[in-house]
Amino acid sequence: MSGGVAACSVCGIRPAKYYRASSGERLCERCLFGLLERAVARVLGKAEAKENSSFVVPITSYSPSRSLLAARVLAQVERRFKSRIYVLVPTFYKGLGEDILKGAPQAAKALWAEVTPPPPPEAKLTACIRYDRAWAAAAARLLGADFIVMPTARTSSTIIALDSLMSDGGLGLTEAAELLDLGGLRSVNAFFYVEDEAVAAMEFLEGVAEISPACRAYVSVKGVYESVAGRPEIDHSSADVIEGLLSAAPYKRCRVCGGASDGEVCSYCKLMRLEGLQVRLL
């Protein structure tokens, strides 16, 4: 390539825009997007999505920009099928509505969702995911949808799993899983097979609007991020480890969020007062 710019390792034609540390590949924008498409298609295949399935993509309290990217990638994966895609914008993002609606794919139907109670201003990452899955599940059932598509990527799944093992006895492992059955409704982590760094690069290259999260997510155990960051071998081995841990630890399921619980309602939902969760589509 002229000017010393490396060519894409995949297509060999277009200039590389992203270096993937986990594989050593240098990817152009189109091939990076293709990587995400294949990852999402793999998750949906494992979840047994059909040609006429319906999907809900919630604009999450903890990662709204990544949720928009998940909707865009999902729309590309499902473009050949008769699938229906709903992008749900919670009313706690009312002031940013236009930016969010413009960023949603044209193939999707954008709907406002009034959610009560609103998310906490900050919470543990596991709690944020449970909050968003809880209201998205309620909305999905109103729409008769088959799947909830969450934006969690593999690095985050690894971090969630480690944090859970060290802080809540493994109850948070359900938030690290590729797929969660909510009783006929399934929740999938769209980017489960892709590292967070690659997804973040695609957000930037796609020009996805940078939307400040309504809930600042954090990990409770210090050192968890450092143990995973820059370690692709941990990242790549985490999927099998997470599935093994989940199968070895049967828990009850919270009736609100569907996550593992030691009672009818999990401690996370109790702390966020979600027993009285109400969702209304506008």
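Values in this document were obtained by computation on a predicted structure and should not be read as measured data.
When all heavy atoms are compared, the tightest approach of Val256 to Leu274 is CG1-O, 3.6 Å. The two residues Thr91 and Glu114 come nearest to each other via the heavy atoms OG1-CA, 3.4 Å. Residues Cys8 and Cys28 come closest through the heavy atom pair SG-N, 3.4 Å. Among all heavy-atom pairs drawn from Glu175 and Gly259, the shortest one is OE2-CA, 4.0 Å. When every heavy atom of Tyr18 is checked against every heavy atom of Ala201, the shortest pair comes out as CD1-CB, 3.5 Å. Residues Trp112 and Pro90 approach most closely at CZ3-O, 3.6 Å, considering heavy atoms.
Side-chain contact, Thr174 with Arg130: a donor N or O sits under 3.5 Å from an acceptor N or O.
One hydrophobic cluster, built from ILVMFWY side chains closer than 4.5 Å, cannot hold both Val77 and Phe81; they sit in different ones. Hydrophobic clustering, with ILVMFWY side chains joined whenever heavy atoms are under 4.5 angstrom apart, groups Phe33 together with Phe204. In terms of hydrophobic clustering, with Ile, Leu, Val, Met, Phe, Trp and Tyr side chains grouped at heavy-atom distances under 4.5 Å, Leu281 and Val56 are assigned to a common cluster. Leu32 and Tyr19 are assigned to two separate hydrophobic clusters, defined by single-linkage of ILVMFWY side chains at heavy-atom distances under 4.5 Å.
A donor-acceptor pair is defined here as one N or O able to donate and one able to accept, closer than 3.5 Å; such a pair exists between the side chain of Ser9 and the backbone of Arg26. Under a 3.5 Å cut-off, the side chain of Asn189 and the backbone N or O of Phe191 do not form any donor-acceptor pair. Between the Tyr268 side chain and the Cys128 main chain, no donor and acceptor come within less than 3.5 Å of each other. Asn52 contributes no side-chain N or O that, together with a main-chain N or O of Lys82, makes up a donor-acceptor pair within less than 3.5 Å. At distances below 3.5 Å, at least one donor-acceptor pair connects side-chain atoms of Tyr93 with backbone N or O atoms of Ala214. Proximity of a side-chain donor or acceptor of Arg133 to a complementary backbone N or O of Cys257 within less than 3.5 Å is detected. Listed for the Ser67 side chain is a donor-acceptor partner under 3.5 Å among the backbone atoms of Ser63. Listed for the Asp163 side chain is no donor-acceptor partner under 3.5 Å among the backbone atoms of Met166. One N or O on the side chain of Arg253 and one on the backbone of Gly258 form a donor-acceptor pair closer than 3.5 Å. Of the possible polar contacts, one joining the Ser65 side chain to the Ile211 backbone as a donor-acceptor pair under 3.5 Å is found.
Judged as a side-chain hydrogen bond (donor to acceptor under 3.5 Å, both in side chains), and not counting sequence neighbours, the contacts of Lys46 are Glu178, Tyr193. Every residue two or more places apart in sequence or in another chain was checked for a side-chain hydrogen bond (donor to acceptor under 3.5 Å, both in side chains) with Tyr131, and none qualifies.
In this structure, the separation between CG on Leu44 and OG on Ser83 is 8.5 Å, given to the nearest 0.5 Å. With rounding to the nearest 0.5 Å, the separation of CG in Leu36 from CG in Leu74 is 12.0 Å. Residue Glu264 holds its CD atom at 8.5 Å from SG of Cys254, rounded to the nearest 0.5 Å. Rounding to the nearest 0.5 Å places CZ of Arg30 at 4.0 Å from CZ of Arg14. Taking NZ of Lys17 as the start and CG of Leu205 as the end, the distance is 6.0 Å to the nearest 0.5 Å. Rounding to the nearest 0.5 Å places CD of Glu275 at 9.0 Å from SG of Cys266.
Met272 has its side chain out of reach of Pro117: every pair of non-hydrogen atoms, C-beta onward, lies at least 4.5 Å apart. Within the 4.5 Å cutoff, no side-chain heavy atoms of Glu51 are placed close to those of Glu78. By the 4.5 Å heavy-atom criterion applied to side chains, Glu25 and Val10 are counted as neighbours. Using a 4.5 Å heavy-atom threshold, the side chains of Val265 and Arg255 count as touching. Side-chain contact between Val43 and Leu179 is absent, with no heavy atoms from C-beta onward closer than 4.5 Å. At a threshold of 4.5 Å between non-hydrogen side-chain atoms, the residues Leu165 and Leu173 count as touching. Looking at Phe55 and Arg84, their side chains never come closer than 4.5 Å, going by heavy atoms from C-beta outward. Counting heavy atoms from C-beta on, the side chains of Val115 and Leu277 come closer than 4.5 Å.
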For Leu68 and Ile59, what are the C-alpha separation, side-chain angles and deciding distance, and is it a side chain to side chain contact (heavy atoms under 4.5 Å, CB included)?
CA-CA 7 Å; Leu68 277 176; Ile59 302 301; 3.9 Å; yes

Go through the steps to decide whether Thr152 and Asp196 satisfy the test side chain to side chain contact (heavy atoms under 4.5 Å, CB included), and finish with yes or no.
CA-CA 8 Å; Thr152 310; Asp196 281 62; over 6 Å; no

Carefully, step by step, assess Val199 and Arg66 under the rule side chain to side chain contact (heavy atoms under 4.5 Å, CB included).
CA-CA 8 Å; Val199 182; Arg66 189 156 297 185; 3.4 Å; yes

What do the steps show when you test Asp168 against Lys124 for side chain to side chain contact (heavy atoms under 4.5 Å, CB included), and what is the final call?
CA-CA 11 Å; Asp168 66 12; Lys124 187 175 174 179; 4.1 Å; yes

Please set out all donor-acceptor pairs under 3.5 angstrom arising from side-chain atoms of residues 140-151, sequence neighbours excluded.
| unit_1 | atom_1 | unit_2 | atom_2 | d |
| --- | --- | --- | --- | --- |
| Arg141 | NH2 | Leu182 | O | 2.9 |
| Asp146 | OD2 | Ser54 | N | 2.9 |
| Asp146 | OD2 | Ser54 | OG | 3.3 |

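Applying the 6.0 Å contact sphere to CZ of Arg273 captures no more than 12 heavy atoms from other residues, nucleotides or ligands. Counting non-hydrogen atoms of other residues, nucleotides and ligands closer than 6.0 Å to CZ of Arg42 gives a total of 12 or fewer.
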